[in-house]
There are 2 protein chains.
Amino acid sequence: MLIGEYEHSLDAKGRLIMPAKLREDIGEKFIITKGLDGCLFGFSQNEWTNFEEKLKTLPLTNKNARDFVRFFLSGATECEIDKQGRFLIASNLREYAEMEKEVAIIGVGTRIEIWNKEKWKKYNSDENISADAIAENMTMLGI
Amino acid sequence: MLIGEYEHSLDAKGRLIMPAKLREDIGEKFIITKGLDGCLFGFSQNEWTNFEEKLKTLPLTNKNARDFVRFFLSGATECEIDKQGRFLIASNLREYAEMEKEVAIIGVGTRIEIWNKEKWKKYNSDENISADAIAENMTMLGI
DNA sequence: AACAAAGTGCTTATTGGTGAATATGAACAT
DNA sequence: ATGTTCATATTCACCAATAAGCACTTTGTT
């Protein structure tokens, strides 16, 4: 289970340390893609192949399907964690998520998310995540 | 699995570098043809025969289907990657996809797509990929 | 035959990815 | 407090991938 919040920084070449506590669960090789709300998603191999299988079934003739597949697959990269625990974030993904240096990495159960740190702070301070709203959603889900 | 987004440029003779990360999957010889949404499609030998098979199943009695088949087959060319990792894009295909110099190559699972870079940027900034639509599709696919 | 256009191949410079070495800093034990 | 260990940060050097320019070959045209 991928959990926790970590802050790290990109090096000059755009590499990032994978927090030691996430390393085991995410695996040595994993996939990052463009995510929602301006962050990047990171999936373990298992989660990803699942997802790929589903994408493959979508029809080429349907424009919505093409758009969706393009978004995820064109935005995807396989990453490998090096001996020093770092991995490279492709430049187009860095650009997409507007990452300069300071980055937040968070575990979200089945995936990780990588955020520009400022954006993450801001996102957290917004009303989208007021305790009330969350509580409401919890009751909706029957928790 | 063909994934990722790469930006490269045509040389004076209309040749293009095949990004190193796609080379293995697409194979030394592959097929490019006119694609949908103004780009070119590129298939590995295997995927191409696959695709041909699917086209063959379409009813020749239906004009739409005939048009569809002609569209893909008439534009198809075999490409070979040279020692320096480049391949030539036939001039009629370059013209079809309105390629001048700057080009985006993307991996979309079973095929690659080659876009005029500007067109690709524009396509990405359009609403075809609103966050809402993506989120919706994600839940549909159970992610 | 002469020329132009298109295609092929080589050579060089530059960029960006990769790996190694070292430094910093926190957590913990003595 | 002091030393030890582990995780993270930073820097440097090297190598592979790509860009760009040029020259040669082939093909088709006049």
Side-chain angles (χ1 to χ4, degrees), chain A residues 2-32 40 42 76-97 99-107 112 114-117 120, chain B residues 2-32 40 42 75 77-97 99-107 112 114-117 120:
Chain A
L2 297 158
I3 52 171
E5 176 181 346
Y6 310 88
E7 296 186 356
H8 289 300
S9 56
L10 296 176
D11 73 8
K13 300 303 185 89
R15 286 176 296 189
L16 181 61
I17 288 248
M18 176 63 67
K21 292 191 179 158
L22 297 179
R23 239 170 262 167
E24 191 177 341
D25 275 3
I26 196 90
E28 187 154 345
K29 286 186 186 176
F30 61 98
I31 312 287
I32 55 179
L40 302 178
T77 332
E78 194 182 47
C79 292
E80 188 165 359
I81 298 184
D82 70 19
K83 272 184 263 169
Q84 288 141 93
R86 300 168 305 183
F87 63 100
L88 181 70
I89 301 181
S91 62
N92 61 321
L93 294 182
R94 261 167 2 218
E95 205 178 314
Y96 171 80
M99 292 177 185
E100 302 285 332
K101 190 161 179 59
E102 303 285 298
V103 160
I105 307 170
I106 64 180
I112 61 172
I114 310 172
W115 290 74
N116 168 316
K117 184 169 143 188
W120 170 245
Chain B
L2 297 158
I3 56 171
E5 175 182 351
Y6 310 87
E7 295 185 357
H8 289 299
S9 54
L10 296 176
D11 73 8
K13 302 305 182 80
R15 287 176 296 188
L16 183 60
I17 289 247
M18 176 64 67
K21 292 195 178 153
L22 299 179
R23 241 170 259 166
E24 193 178 339
D25 275 3
I26 196 90
E28 189 154 343
K29 286 185 187 176
F30 61 98
I31 313 286
I32 55 178
L40 302 178
T77 330
E78 194 183 49
C79 291
E80 187 165 0
I81 297 184
D82 71 19
K83 269 184 267 169
Q84 287 131 96
R86 300 167 305 182
F87 64 100
L88 181 68
I89 300 181
S91 61
N92 60 322
L93 293 180
R94 259 177 299 171
E95 208 177 312
Y96 168 79
M99 292 177 186
E100 302 285 330
K101 190 162 178 59
E102 303 284 297
V103 160
I105 308 170
I106 67 176
I112 62 172
I114 309 172
W115 290 72
N116 169 315
K117 183 169 144 188
W120 170 245

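Chain naming here is simple, since letters A, B, ... match the order of the sequence lines and numbering starts at 1 in each. All values below come from the heavy atoms of this structure, side chains included, with hydrogens, waters and symmetry mates left out.
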Which residues share a side-chain hydrogen bond (donor to acceptor under 3.5 Å, both in side chains) with A:E102, sequence neighbours left out: A:K117
- prompt: Applying side chain to side chain donor-acceptor pair (under 3.5 Å), which residue pairs with at least one partner in residues 16-26 of chain A are found, sequence neighbours left out?
  reply: none
- prompt: Which residues within residues 80-95 of chain A lie with some heavy atom under 4.0 Å of an atom in DNA chain C?
  reply: A:K83, A:Q84, A:R86, A:L88
field: Contacts of A:Y96 that satisfy ring pair (Phe, Tyr, Trp, His ring centres under 6.0 Å) - sequence neighbours left out
entry: none
message: Against A:L16, only a single residue in A:I32, A:L88, A:I105 fulfils side-chain contact (heavy atoms from CB on, under 4.5 Å); can you say which?
response: A:I105
- request: Take the protein atom CG of A:L16 and the nucleotide atom P of C:dG17, then report the distance between them rounded to whole Å.
  value: 14 Å
task: Mind checking ring pair (Phe, Tyr, Trp, His ring centres under 6.0 Å) for B:Y6 and listing every partner two or more places apart, or none if nothing turns up?
output: none
Results of side-chain contact (heavy atoms from CB on, under 4.5 Å) for A:K101 - residues two or more places apart only: A:S9
- prompt: For A:S91, what residues pass the side-chain contact (heavy atoms from CB on, under 4.5 Å) criterion, not counting sequence neighbours?
  reply: A:R94
task: Check side-chain contact (heavy atoms from CB on, under 4.5 Å) between A:E95 and all other residues, then give those that pass, not counting sequence neighbours.
output: none
- request: Round to a whole Å and report the spacing from CG of B:D11 to P of C:dG7.
  value: 11 Å
message: Nearest heavy atom decides the nucleotide; on that basis, is B:K101 or A:L10 closer to the 5' end of DNA chain D?
response: A:L10
task: Can you sort out the partners of A:K13 under side-chain contact (heavy atoms from CB on, under 4.5 Å), two or more places apart, ordered by chain and number?
output: A:D11, A:R15
Listed pairs, N/O of protein and of nucleotides 25-30 of chain D, under 3.5 Å:
none

message: How long is the straight-line distance from CD1 of A:I112 back to CG of A:L40, given to the nearest 0.5 Å?
response: 9.0 Å
- prompt: What is the distance, rounded to the nearest whole Å, between atom CD1 of A:I105 and atom C1' of D:dA9?
  reply: 13 Å
Between the protein and nucleotides 12-17 of chain D, are there any N/O to N/O pairs under 3.5 Å, and if so, what are the atom names and distances?
none

- prompt: Rounding to a whole Å, what distance do you find between B:Y6:OH and D:dA19:P?
  reply: 13 Å
task: Using the test salt bridge (charged side-chain N to carboxylate O under 4.0 Å, His left out), find all partners of A:E80 that sit at least two apart in sequence or belong to another chain.
output: none
Sugar-phosphate, base or nothing in reach of A:K21, heavy atoms under 4.0 Å: nothing
query: Does B:S9 have a side-chain nitrogen or oxygen under 4.0 Å from the phosphate oxygens OP1 or OP2 of D:dA20?
result: yes
